[in-house]
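Comments concern the structure below.
Chain letters run A, B, ... following the sequence lines, proteins first and then strands; every chain starts at 1.
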Amino acid sequence: MRAYAEGLVLTAISLVALWGAWRVPGATPGDTWAGIVPFSASLALLLLSGLMLLGASQQTASGEDKTDHAATFEIISLFLIALIYQQSFRWFGYLLPTAIVAPIVLYMFGVRSWVGLALSVVICPLVFHVIFFELLGVFPPFGEVFDLLDWIKG
Amino acid sequence: MEIFPAMLSVITDPTLLFAIVLAAAVGMIVGATPGLTASAAIAMLLPITFYMPPLFALAFLYVIGKSGRYGGSIAAILFNTPGTAASAATQIDGYPLARAGKAGKAMKVATISSIIGDLMGDILLVVGVGFIAAIALKLGPPETFAIYFAAFVVIGSVIGSSITKGLASAILGILIAMIGLDPISSEERYTFGSFDLSNGIGLVPLMIGVFVLGEVFAQMESRRKATGDVEENESEGDGNSLTWDEYKPCLPHALRGGFIGAGIGVLPGLGSAIAAFISYGEGKRRAKNPEKWGKGALEGVAAPESANNAVSGPSMAPLLTLGIPGSTIGAILLGVFLIHGIQVGPTLFLTDKELVYQLFACGMLGILAYGFIGYFGATQVAKLILKIPTNVLYPLIFLTAFVASYSARGSMFDVTVMTVAGFGGWLMRKYDFKIAACVISFVLAKGAEETFRQSLLMSDGGALIFVERPVALGFLLLGVVAIALRVRGIMKERKLQGGLGDA
């Protein structure tokens, strides 16, 4: 079942890649087509996915695939937090999202000390801000909705 | 001879020396921490090096890579958990030695053998790299493309147990690299109307995502499977000291391992793990005491450790002379070169020869630095690692991945790329696709495409140019032979397994 799923996902990716390569405009005279490498790579991937599906059809069933659903759920949750966290930089700058996400991720990794979690709200954004935005001089992301750094600096 | 003035200039620069020692210590700690890899550390520290001079940045990351390979042996010997895939061979004899109260002795053998192997690799690199670069200067686009093709095939088919998945991983890397504007005609490819995508996918966010965030996801998963605490094995009595008589039988294994590692290091994609296992197998085959191997033979530590570290130097040869990274660390270092505006390839030895040899000198000093720290302080490093709370470490790495990927170009799109790449990297690991093949192919794809299209222009669109030129044909055939040999090897393995199963 897993081998079929892998083959089907690769087939889908290769078909999207083929479609994307097909949309690249043709070459001007004396030039080479810009889509030649993407098109060839997509075709090769389609061929490989075909081989994977063929291999899957020849496999004998060896029982249920063991999947740790709880672990998968945790990782997907962490991925969703990561997506929201990176998007919230655009809305609220760096400090506020980091102050919120730091204790959540620490809790997810098993930290249960309330003092530690409370300290992470202040220490994590402060330390990362000082290292990257003060010492290295990187310009911090500006929050379009509300920026804590802007507010602190008045 | 360029290495001597380069060495002198490095030795007389105290800041650079400090960076080398710091990198040696950081690499050792990272390599020895189960779950953390030198690639992850280098990817995470990459944005910080934007603000450093090129030699400083390259030396710092290069030495972390070297020291990280060695650091893996600390975890393998003392905790029975290989810190890196390459140190799994060291674990076979290293851990039984530690259980027998000879942890210190095993660590000293690992340290000396690592130094021997690594220095052998670096000396061969220094001697041979100029020669390879001179040949590379004479290659035209068809020959260079054929080398790229062979590299794709070897990287895709040799790494891992499934050729199909390995090759698919390599092609996925190529397709990701195709996103953005075509460098020749400026036509949009796979942008789907997005302005951000038209700039392409950056190497730094991709690396941080795959190696750093992907590792955090993997650690979250393995946390649930952990069975208990890791314990360090202490040395007893004379188990900490090593005499010349004890190391003497290890020396031939270390030297042989050095040559095996150096030979494998030149070939892109094979890496330290393969070198270590080949050296271990070859050492056992030639050993006077093969019955002791696997039960705690010091020679069984020397052989893989030497080969594992000897890969490091020669793996830089294809990177510096052809722009083909032989490993994930090489792929990241290629990014550092490009970020600092240094074009890697045969012309590097005409434009930045001094920098290259200074980097080699830094590598050699890095070997001595990690050797010194490891010989006298490996057990202290192990104690320090046991004190690192992983439940705090990985959340901090999670947060660092975001700010590091943003810092690279000050781009929020890079942070999104990093996040998606992190999840993609975890999925690839989970379903046995090969991240190394994907990342190295991503780095190689642009150069391969350029040489392929230049060749087509040279021949007015005819593909026969690759067959008519003997060097190009040779490399294309090499790729085909590599796949054929791999398929044969897998078939043999399956037959053997089937036979054993029947028995």
* To do: Flag the one option from A/A44, A/G55, A/G20, A/A82 with the top tally of heavy-atom pairs under 4.5 Å to chain B.
  => A/A82

* To do: In sequence, state the C-alpha distance, the side-chain angles, and the governing distance for B/R453 and A/W33, and then conclude on side chain to side chain contact (heavy atoms under 4.5 Å, CB included).
  => CA-CA 9 Å; B/R453 287 168 67 184; A/W33 180 39; over 6 Å; no

* Asked: Is there any residue in residues 89-106 of chain A with a non-hydrogen atom under 4.5 Å from a non-hydrogen atom of chain B, and which ones are they?
  -> A/F89, A/R90, A/Y94, A/T98, A/V101, A/A102, A/V105, A/L106

* Enter the distance from A/F109:CZ to B/Q219:CD here, rounded to the nearest 0.5 Å. => 7.5 Å

* Strictly by modelled atom types, are B/T416 and A/Q86 linked by a side-chain donor-acceptor pair under 3.5 Å? -> yes

* Asked: Can you say whether A/A5 sits under 4.5 Å from chain B via the side chain, the backbone, both, or neither, judging by heavy atoms?
  -> neither

* What closest approach, in Å, do B/I174 and A/A41 show between heavy atoms, and which atom pair accounts for it? -> CG2-CB, 4.2 Å

* Asked: Between B/F192 and A/W19, what is the ring plane arrangement, given parallel below 30°, perpendicular above 60°, and tilted in between?
  -> parallel

* Asked: Residue by residue, which of residues 175-185 of chain B have a heavy atom closer than 4.5 Å to a heavy atom belonging to chain A?
  -> B/L175, B/M178, B/D182, B/I184, B/S185

* **Those residues of residues 46-54 of chain A, ordered by number, that approach chain B below 4.5 Å (heavy atom to heavy atom)** => A/L48, A/L51, A/M52

* To do: Over all heavy atoms of both residues, which pair between B/E187 and A/P25 is shortest? Give the atoms and the distance, please.
  => OE1-CG, 3.2 Å

* At their closest point, which heavy atom of B/S407 faces which heavy atom of A/F132, and how far apart are they? -> OG-CD2, 3.1 Å

* Compare all side-chain heavy atoms of B/K165 with those of A/E6 and state whether any distance is below 4.5 angstrom. => yes

* Is the backbone N or O of A/A34 less than 3.5 Å from a side-chain atom of B/R189, with the two atoms forming a donor-acceptor pair by type? -> yes

* Tabulate, in ascending numerical order, the residues of residues 119-131 of chain A having at least one heavy atom closer than 4.5 Å to a heavy atom of chain B, or enter 'none'. => A/C124, A/F128

* Contacting moiety of B/F452, where chain A heavy atoms sit under 4.5 Å -> side chain

* To do: On the 0 to 90° scale, with breaks at 30° and 60°, tag the B/F423-A/F79 ring pair as parallel, tilted or perpendicular.
  => parallel

* Take atom CZ in B/F56; do more than 12 heavy atoms of anything else shown fall under 6.0 Å from it? -> yes

* Structure fact -> Residue from B/L396, B/V420, B/T191, B/T400 scoring the most non-hydrogen pairs under 4.5 Å with chain A is B/T400

* **Interface residue of largest heavy-atom contact number with chain B, from A/G110, A/S42, A/A17, A/G116, under 4.5 Å** => A/A17

* Hey, what do you get for CG (A/L10) to CG (B/L172), rounding to the nearest 0.5 Å? -> 6.5 Å

* **pair A/Y85-B/V415: side-chain heavy atoms closer than 4.5 Å** => no

* Asked: Any idea which heavy atoms bring A/P38 and B/Y190 closest together, and the distance?
  -> CB-OH, 3.4 Å

* Structure fact -> Interatomic distance, CD@B/E221 vs CD1@A/I75, rounded to 0.5 Å, equals 4.0 Å

* Under 4.5 Å heavy-atom distance to chain A, tell me which part of B/S411 shows up: side chain, backbone, both or neither. => neither

* Side-chain ion pair, A/R23 and B/E188, N-O less than 4.0 Å -> no

* Spacing of B/E449 atom CD and A/I36 atom CD1 [to the nearest 0.5 Å] -> 9.5 Å

